[in-house]
Amino acid sequence: MPDREFFTCDPIPASAGIGLRGPHYREVVESSPKVGFLEVHSENYFGRGGVPHAYLERIRRDYPLSFHGVGLSLGSTDPLDRDHLRRLGQLIDAYQPDFVSEHLSWGSFGGRYLNDLLPLPYTEEVVNHLVERIHQVQDILERPIMVENVSCYLEFEHSHLSEWEFVASVAESADCDLLLDINNIYVNAHNHGFSAGDFLHRVPGSRVREIHLAGHTIKHYDQGTIIIDTHDHRVCPQVWALYREAIAMYGPKPTLIEWDSDLPELDVLVDEANIAQSVMQETDHARVA
Amino acid sequence: MPGLREVQERFSANVLDADAVGIAADVKAGAFEPRLRLQVYRNNVFTGLTDALRAVYPVVEKLVGEGFFLYASNEFIKRNPSTSGDLHAFGSGFGSFLATFEPAKKLSYLPDVAQLEWNYHEVYHEADADAMDVDALQLIAPDQYERLQFRLNPACRLMQSVFPVIEIWRVNQEGYSGDQTVDLDAGAVNVLLLRQGEEIELHPLDAGDYAMLAMFARGDQLGDCLGAAQRIDAAFDLTGFLSRFVGNRALIDFTAC
């Protein structure tokens, strides 16, 4: 791991970036693809050294960086994992990322981790719990974090807020920025029968600091279809349409192409990022015109 | 209205312990029954954890086949749930689990192969280290040699197996196209796993070298280590040992006590 504050914190521009995964390390170093920023899963760098850090250190010299957490279990009622936060803090010190984000979900109970982004009931109790946890995390890390809406395959009977009310309420009460995942909105709109456009219009646009785009998988059952957020395909046309709507509303935002399973060639990710980039340029022009 | 803690308790019990009753009543029914919706999560959780094991234990998977690996990993996950939000920390006990897992009993070499793969995984993520300052070592007065303590490279692991695990590992690597026959009675092996840059090397060690490194790893002093090595191998040569393991950076530092 590099020494503390070896890097200065480059701000992430309103441009398209890609998720950096191990199989692409070498090619990214050799070909320096033209993308606005790179995002990594923080937990992939919780080790003390070796290949992941060797590459991240080299890559960090050429790109602004975003740390995206998948394992903090922000919404859990177990105490926050101090060791997890300590390691995240060391990473932040070492690499000076512009963005640090986590999910509005939980993943552990009674010390047992399910290592998944599990759904929360949309209630005031949960909003208050998340606000408290976000504050605790920000106090420990001594910096702001962004929170991301997740894909969901069930709803709780006792949820009495809509998902967008829930997300907006957490962001407003915790006074934190949002990482808006537009694929997740699309997935949930399909799975739970609401309008994705309404969601986009009702979250506080001024708090949207970053956007995620990804592909998904449609699972067919006798009763109908459930969309699973698998991050293993290109972004679908409907999600691109929602993205255009979002950019027209919020203005250009740092936008990440996420791909985690069945990783394609790096070119495919860069190509998806270029599409996002041109959406931002076209929409920006449209706004100016 | 159930509180959040109660919801999480029932949800995790449903996923990990297949407790089908608890949480289903809290889930909205619609076109899909709650059981089916929960099944999506159960599936995601087990797939995620199995993929994590698969990434660490490719040779074990190759040896037992995809279907058996899935079965074994499902049983492992149920009995040894993950205890960290860092997925890379999951699976350390898979080797010991396999040693007691009845359906795998006949494959007596499997736990050691798993241990080798876990060591490999740890070495991959371990801290980097600079080479030893050899000039400083040469400045040590001979009467202090006995009490020297040597520090091992953090990115190394030592293990012993009664099976030829290096050979098993080697012939089961992706891209290996030679003869895959391994004589399981080829004899015990001492292994040093050591990362050099991006590469992780597997070195077979003779008994004297292994004893020295294992005792250094415990913090023993050179005099005691050398005594032990010479009892194992009367011809043990300290100069050769130091040049090998300082040279390949298995030893990276020393302190004069």
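Note on naming: letters A, B, ... go to the chains in the order of the sequence lines (proteins, then strands), and numbering restarts at 1 for each one.
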* Asked: Which one of A/Asn44, A/Asp222, A/Val70, A/Thr230 has the most heavy-atom pairs closer than 4.5 Å to chain B?
  -> A/Asn44

* **Steps toward side-chain hydrogen bond (donor to acceptor under 3.5 Å, both in side chains) verdict (B/Glu198, A/Tyr25)** => CA-CA 12 Å; B/Glu198 285 185 39; A/Tyr25 282 155; over 6 Å; no

* Which residue out of A/Pro121, A/Pro52, A/Ser42 racks up the most heavy-atom pairs below 4.5 Å with chain B? -> A/Pro52

* Inter-residue atom distance A/Leu114.CG - B/Gln8.CD, 0.5 Å rounding -> 10.0 Å

* Distance in Å, B/Met1 CE paired with A/Glu157 CD, rounded so as to fall on 0.5 Å steps -> 12.5 Å

* Asked: Under a 4.0 Å N-O cut-off, is there an ion pair linking B/Arg42 with A/Asp116?
  -> no

* To do: Evaluate the side-chain proximity of B/Arg5 to A/Phe109: yes if any heavy-atom separation is below 4.5 Å, no if none is.
  => yes

* To do: Run the ring-centre check on B/Tyr41 versus A/Tyr153 and record whether the distance is less than 6.0 Å.
  => yes

* Within residues 65-101 of chain B, residues adjacent to chain A where the heavy-atom gap is under 4.5 Å -> B/Pro81, B/Ser82, B/Thr83, B/Ser84, B/Gly85, B/Asp86, B/Leu87, B/His88

* Check whether any side-chain N or O of B/Asp128 sits under 3.5 Å from a backbone N or O of A/Gly49 as a donor-acceptor pair, and report yes or no. => no

* **Those residues of residues 45-61 of chain B, ordered by number, that approach chain A below 4.5 Å (heavy atom to heavy atom)** => B/Val45, B/Leu49

* **Residue pair A/Ile228, B/Asn43: steps toward the side chain to side chain contact (heavy atoms under 4.5 Å, CB included) verdict** => CA-CA 11 Å; A/Ile228 314 284; B/Asn43 207 26; over 6 Å; no

* Structure fact -> Comparing A/His53, A/Gln223, A/Glu43 against chain B, the one with the most heavy-atom pairs below 4.5 Å turns out to be A/Gln223

* Asked: Mind checking whether B/Leu16 and A/Arg112 have side chains closer than 4.5 Å, heavy atoms only?
  -> yes

* Gap between atom OG1 of A/Thr123 and atom CG of B/Leu4 - 0.5 Å precision -> 7.0 Å

